[in-house]
Amino acid sequence: MARHRPSPRLPGIATGLRAAWRDGYGLDDLRRDVLAGLTIGTVAVPLSMALAIATGVPPQHGLYTAIVAGAIIALTGGSRFNVSGPTAAFVVILFPIVQQYGLGGLLLASMMAGLILVALGLTGMGRLIQYVPYPVVLGFTAGIAVVIAVLQVPDFLGLQVGQLGEHFVENLGRIAVSLPSLEPLELGIGAFTLGVMLLWPRLHVPIPAPLIGLVVGAVAAYAVNHGIGDPSSGNLVETIASRFTWEARGETGSGIPPIAPSLVAPWRLPGADGEPLALDFELIRALLGPAFAIAMLGAIESLLCAVVSDGLTRTRHDPNAELIGQGLGNIVAPLFGGITATAAIARTATNIRSGARSPIAAVVHSLVVLLAVVALAGLLGLVPMAALAALLFIVAWNMSEARHFLHTLRSAPAGDVAILVTCFTLTVVFDMVLAVAVGIGLAAALFIRRMSLLTQTQRVDSGTHASIDELPGEVALYDINGPLFFGAAEKALVSLHLVDPKVRVVILDMHDVPSMDGTAIVALKALIDEMHREGVSLVLVGLPARILVKLRRAGIRRTAGRLTWCRELMHARKVALRWLDGHETGSNAARD
């Protein structure tokens, strides 16, 4: 009786949350999640503001991202511990979008990327992280870190550089030209904040260094602005409140609006020219490329983060559910003013170290950020821009993984080093999308070359072969090892075209050929035709049934006295001897 085959299981949703509940969830787990959420929330507030500003949008949009996307992704994703929000990796992609299409264009592209992520999850593409080589990931993340660090130099030094553009080299030139406008007070506040954040962890006090650094920086900036300068004439040290203004619900103010995120249509927000976007097919088509780049980076970042959290907690995430959750978060968050979100490795690691047990910790983190917006918006506006730049310097340094980068340069094979350097250079000079595309292409070419080197064909002395008796001189035994595919087939089969003139039968031992692609089948067919013209017969040995099916579909069939296949070498020897004696018939070939 035929066995019933179960239908493929559709990708789930909220599998991270359901797994936590299935393993048992009590009051002690809730207490740990709340404490972890409080900790990660205090870290997320300054980071969300800093990353939004680095992207080119007002700081509240980063906070809205952590509030809305952080909660939705946690509740619907496939990881128990991922904490999502704005991340540094997206800066190099989102900054040019803001320059070209404004805030409205960025939010619309984020929604389109969310739809792509949901489609990837529903179609089972959650394993795609396995196909992105480590040198590619390390190269583009280190390149992103360099770009982020350079973008913070004007705020850190207080330079009058104007609006930075999309291109790294051009921005570097603008920064160099504006160095004479350096403000010592801005540099002092930035350096002071940076020093505090670097030294604070050595005290082993359980308060996040970014929080302490920004509080100290804000106090120092307030003292400078109100102690040295004249408040009526403007700030000596630029802060969030002095740079950004807002208008909402008929009210206006400076800094961050003290209101919760509210529903807004992204296409009604301003574009690059300050006017509301005109939602049409041309705009959708123009944003499709950036949306695809956002989705690909979001998938890579979120799944990498999930793999890291699995290693720290010995759990397993659901990659397809995680992509669906990331997609839903990026679809909904822009409707509330949130920018692109993905899982953040640093915040996730902090979440785990703080004792988190389930996605509830990430939800608490979102509530902490919401409370900060509603209750502490005025205080957040006091944070100096130089202090945020210092924070992003640390983020960029941690993201660069400089030790791993240098170690890979010193110890990796030359091909991997070339991929790493290429991805790094292309990310810095051009953009991350080009870097990843070229990097994966180079990695694929390198992989094909390495695999082709593993495929070998050699003539075997039958007298010393353990699986077959000695063969007469008219029979040649060849052994093929490795996969036969487009990169290796021609090289592996070319030696068989140079057969000893006295050889009348060739036996190919193909026990160690795990696969053949279309190119290899064409090459094999050409070899068979050439041997047929020269009067040489061919016996294929040890091919799996699935490959034999491919050969039959390609029109390669047994021919009496010319071509057949066997399971074992001893059987192939008997066939070869019968062919030499001229006793082969069509019925014999069929039995073989």
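Keep in mind the model is a prediction, meaning the values are calculated, not measured. Along the sequence shown, residues carry numbers from 1.
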Looking at Ser302 and Ala299, would you say the former's side chain and the latter's main chain have a donor-acceptor pair under 3.5 Å? yes

Checking Trp200 side chain against Ile207 main chain: does a donor-acceptor pair fall under 3.5 Å? yes

So which heavy atom on Pro334 is nearest to which on Leu107, and how close? CB-O, 3.5 Å

Value for CG (Leu277) from CG (Leu287), rounded to nearest 0.5 Å, stands at 8.0 Å

The side chain to side chain donor-acceptor pair (under 3.5 Å) partner of Arg357 among Asp33, Thr313, Asp29 is Asp29

If you take all heavy atoms of Leu392 and Ala50, which pair is closest and at what distance? CD1-O, 3.5 Å

Does any non-hydrogen side-chain atom of Leu312 lie less than 4.5 Å from one of Phe81? no

Can you tell if the side chain of Arg80 reaches within under 4.5 Å of the side chain of Ser309, non-hydrogen atoms only? no

Roughly how far apart are Leu51 CG and Phe90 CZ, rounded to 0.5 Å? 11.5 Å

Might you point out which heavy atoms bring Tyr64 and Pro257 nearest each other, and give the distance in Å? OH-CG, 3.5 Å

Under 3.5 Å donor-acceptor, Thr141 side chain and Leu138 backbone: yes

For Ala344, is there any backbone N or O sitting under 3.5 Å from a side-chain donor or acceptor partner on Thr87? no

Heavy-atom pair with the smallest gap, counting every atom of Ile97 and Leu106: CG2-CA, 3.9 Å

Between Gln152 and Phe393, which heavy-atom pair has the shortest distance, and what is it? CB-CE2, 3.8 Å

Leu214 vs Leu388, test: side chain to side chain contact (heavy atoms under 4.5 Å, CB included). Steps then yes/no. CA-CA 7 Å; Leu214 294 189; Leu388 289 176; 4.0 Å; yes

Close side-chain approach of Leu297 and Thr342, heavy atoms under 4.5 Å: no

Grab the two heavy atoms, one from Ala88 and one from Ile148, that are nearest each other, plus how far apart they are. O-CD1, 3.1 Å

Test log, rule side chain to side chain contact (heavy atoms under 4.5 Å, CB included), inputs Val264 and Phe336: CA-CA 6 Å; Val264 59; Phe336 292 87; 5.9 Å; no

In terms of the angle between their ring planes, are His226 and Tyr222 parallel, tilted or perpendicular, with boundaries placed at 30° and 60°? parallel

Kindly indicate whether the side chain of Val436, heavy atoms from C-beta on, has any atom under 4.5 Å from the side chain of Ile440. yes

Trp246 and Glu251: CA distance, side-chain angles, deciding distance, side chain to side chain contact (heavy atoms under 4.5 Å, CB included) verdict: CA-CA 8 Å; Trp246 56 269; Glu251 300 180 15; 4.1 Å; yes

Just verifying a value: how many Å separate Ile394 CD1 and Leu198 CG, rounded to the nearest 0.5 Å? 4.5 Å

Does any N or O in the side chain of Asn225 come within less than 3.5 Å of the main-chain N or O of Val237, such that one atom is a donor and the other an acceptor? yes

Measuring only between side-chain heavy atoms, which start at C-beta, is Pro266 closer than 4.5 Å to Met111? yes

Can you tell if the side chain of Leu283 reaches within under 4.5 Å of the side chain of Tyr101, non-hydrogen atoms only? yes

Ignoring hydrogens and angles, tell me if any N or O in the side chain of Ser181 forms a donor-acceptor pair with the backbone of Gln160 under 3.5 Å. yes

Thr55 side chain to Val57 backbone, donor-acceptor under 3.5 Å: no

Between Phe140 and Ile300, does a side chain to side chain contact (heavy atoms under 4.5 Å, CB included) hold up when you go through it step by step? CA-CA 12 Å; Phe140 80 70; Ile300 293 172; 4.3 Å; yes

Tell me if a side-chain donor or acceptor on Thr239 pairs with a main-chain N or O of Ser242 at a distance below 3.5 Å. yes

Note, Val363 side chain near Leu75 side chain (heavy atom, < 4.5 Å): yes

At what distance, to the nearest 0.5 angstrom, does CD1 of Ile345 lie from CD of Glu301? 6.0 Å

Heavy-atom check, side chain of Leu164 versus side chain of Pro154, under 4.5 Å: yes

When you measure from the side chain of Glu186 to the backbone of Glu238, do you find a donor-acceptor pair of N or O atoms at a distance under 3.5 Å? yes

Under the 3.5 angstrom rule, does the side chain of Ser366 hit a backbone N or O of Ala66 as a donor-acceptor pair? yes

